[in-house]
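Accompanying notes for the structure given below.
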Amino acid sequence: VMKKQSIIFSIILAIIFGFQSCDINEEIIDEALGEDLLTNADPLNLLAPAYNNMRRVYGHRWLFALQTFSADEGMVPTRQSDWFDGGTFQELNRHDWGPNHRYTTETWGHVMSGLASATQAIDFLDEGTREHAEAVGLLSHFMWVCLDAYGQVPYRGITEVDFNADPQILTGAEAVSTIITNLETVLSNLPTGKNTVRFTQDAAKSLMARVYLNKAVYEDRYASNFSFSNEDMQKVIDLTTEVISGGTHSLETDDYFSMFDPGNENHREIIWSAKNELTSIRIGGRSVTRNTINGLSRGLLYLRNDGSFGTGSDAGCTLPGFLDTWDSENDPRFFKENYPNEEGTIPLSDYKINRGFLEGQLYGIKNDNGTPIINADQTIDIVPVQLWTRDESLANHTREVSLIATNQSVGVRVSKWSIDDIGSNSDDTSVDIVVFRLADLYLMRAEAQLRLGSGDALADVNAVRVARGGSDFAIGSATLKDVYNERGYEFYWEYHRRTDQIRFGTWEDAWTDKTDSDPNMRIFPIPPGPLAETPGLVQNPGY
């Protein structure tokens, strides 16, 4: 159990490093003592630890691994001796992880740090201020992540916080009610308008809509069929409508992948994101850029911001069953060609990695074991990519893949998040990690309308599809399955899939090497250390 006094040093460090954002300047404080520093600190610096913990929770492992590699959209195969990692990724795919699993344990730790840092900020900030409201919003978000992933939320309240007392452990309906009530309490003190790296009223409404949409799951986690109440679905409709009709955000109509590019702060469609900075000084967390880098082939070179070149690691890939649901020829979210996937010569300045799903034979810069060959006129030759490790075969990414991969090449790779790093530091990037964007609200509203049996769900699904591919991309009817599939097309590699699969009842299905159908795996285990140290926590069923 954390004592208030033991937390002061960590907050001081956050103040020293500052909170970096588009409208927040770093403040260096080199001499101050304990609680006096905290009491008189700039409120934005008191918020810094909670905001920075978002980067850790949403790092390229941790929550991403739990939401993606345990679901039907992704896996990390073992390729000879590569990526076995003690069976960590195999256990995620097969659904046979235990209480000591690396990423369930580490993610829990990052979420607990987020809860603690947000609670500390609440305790020192003045009630009724914007910054206090933001701290409550951040706390509510960390609570939701904890509830969704682990089913239990250690909670110290938002008034008269006592770090010397044991936390209350919230579950089910009580956790849902507390998250909603806290957000409603501070809603009017949160800012309106566009700011994707600060917690706003629209971020709060988006979070409340997400909680209401999943409320039936959280209140009866192991049900054979979830009972979505009309009242909850109407709440989803009302909240999403407020944000959609507010006009602050609009759907991206030109380039879907621009939402995941460097400089995506305040993108027209993004409501809230985890702020990232491209810096040579590591500021913590893991770069979302590495969600792409790690899956690329060894042999496919990418260009860094500092002019150097890097290469992938043959790690994560998507799964054939997920790909088979796509209209891959006509969906612009499936693939974006930045340079021709064929032999030829192009200017070096035009070389940017293709985006989306990288299927079949890859083409890239002609190179010599990782050293690019650049022509005298600053052009490059595009040739079939050849792996320079293991069997040095061609990088031909087939859909067929298994946990024990037949070679380094198999498995369609995913290049959704733009690559943005500087040489030796791949942990920091200027690509903010999207948490809420407007398309999610349209599809949440469509789903709620279908579950309620009222409203025009088709119009909401088509609003998203037309934004992505024009009027010819619209569909003629909308069922719950259509919404489920659309969420897969829209939000792949964005931390959604596990939660969506549980809510739609596909989590116990079989895919690739996964045959487990145990509903206990809908939530992750509480790590043994916190379980022994925190009164009130109990191990989840099945572990």
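Note that this is a predicted model, so its numbers are computed, not measured.
Salt-bridge annotation for Arg399 and Asp324: present, with a side-chain N of the basic residue lying under 4.0 Å from a carboxylate O of the acidic one. Using a cut-off of 4.0 Å between Lys/Arg side-chain N and Asp/Glu carboxylate O, Asp440 and Arg487 are scored as salt-bridged. The pair Asp148-Arg503 does not meet the salt-bridge criterion, since no charged nitrogen lies less than 4.0 angstrom from a carboxylate oxygen. The pair Glu231-Lys235 fails the salt-bridge criterion, with no side-chain N (NZ, NE, NH1 or NH2) lying under 4.0 Å from an Asp/Glu carboxylate O. Ion pairing between Arg102 and Glu91 fails under the 4.0 Å rule for side-chain N and carboxylate O. Taking 4.0 Å as the cut-off between side-chain N and carboxylate O, Glu73 and Arg497 do not count as a salt-bridged pair.
Here Asn520 contributes atom CG and Tyr222 contributes atom OH; the two are 5.5 Å apart, rounded to the nearest 0.5 Å. Here Lys205 contributes atom NZ and Ile271 contributes atom CD1; the two are 10.5 Å apart, rounded to the nearest 0.5 Å. Atom CG of Leu115 is separated from atom CZ of Arg156 by 10.0 Å, given to the nearest 0.5 angstrom. Taken from CE in Met259 to CD in Glu494, the straight-line distance is 7.0 Å, to the nearest 0.5 Å. With values rounded to the nearest 0.5 angstrom, Ile237 atom CD1 is found 11.0 Å from Asp232 atom CG.
Ser258 has its side chain within reach of Glu252: a pair of non-hydrogen atoms, C-beta onward, lies under 4.5 Å apart. No side-chain heavy atom of Pro262 sits less than 4.5 Å from a side-chain heavy atom of Thr429. Taking the side chain as every heavy atom from C-beta outward, Ile475 and Val461 approach each other to under 4.5 Å.
A donor-acceptor contact shorter than 3.5 Å links the side chain of Asn264 to the backbone of Asp432. Checked by atom type and distance alone, the side chain of Asp513 pairs as donor or acceptor with a backbone atom of Leu403 at under 3.5 Å. A donor-acceptor pair is defined here as one N or O able to donate and one able to accept, closer than 3.5 Å; no such pair exists between the side chain of Lys275 and the backbone of Thr196. A donor-acceptor pair under 3.5 Å is formed between the side chain of Arg522 and the backbone N or O of Arg221. Looking at Asn540, its side chain does come within 3.5 Å of a backbone N or O of Tyr150 through a donor-acceptor pair. With Ser177 contributing its side chain and Glu174 its backbone, the two residues share no donor-acceptor pair below 3.5 Å. Not a single donor-acceptor pair under 3.5 Å links the side chain of Ser273 to the backbone N or O of Val434.
Using a 30° and 60° split on the angle between ring planes, Trp144 and His141 fall in the tilted class, from 30° to 60°.
Heavy atoms from other residues, nucleotides or ligands lying under 6.0 Å from CD of Glu329 number 12 at most. With a 6.0 Å radius and a threshold of 12 heavy atoms from other residues, nucleotides or ligands, Gln168 has its CD atom above the threshold.
In this structure, the ring of Trp97 has its center less than 6.0 angstrom from the ring center of His95. Taking the centre of each ring, Trp326 and Tyr492 come in below the 6.0 Å mark. In this structure, Phe334 has its ring center no closer than 6.0 Å to that of Tyr489. In this structure, the ring of Trp417 has its center no less than 6.0 angstrom from the ring center of His60. Two rings, from Phe491 and Tyr495, have their centers 6.0 Å or more apart. Aromatic ring centres of Phe524 and Tyr543 lie farther apart than the 6.0 Å criterion allows.
Within the cation-pi definition used here (under 6.0 Å to the ring centroid, within 45° of the axis), Arg451 qualifies as a partner of Phe504.
The one candidate from Thr119, Leu139, Ile169 that meets the side-chain contact (heavy atoms from CB on, under 4.5 Å) condition with Tyr155 is Leu139.
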Check the pair Phe199 / Tyr51 against ring pair (Phe, Tyr, Trp, His ring centres under 6.0 Å), numbers first and verdict last. CA-CA 9 Å; Phe199 200 89; Tyr51 273 111; 8.2 Å; no
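Checking Thr200 against Asn195 by side-chain atom types alone, no donor-acceptor pair falls below 3.5 Å.
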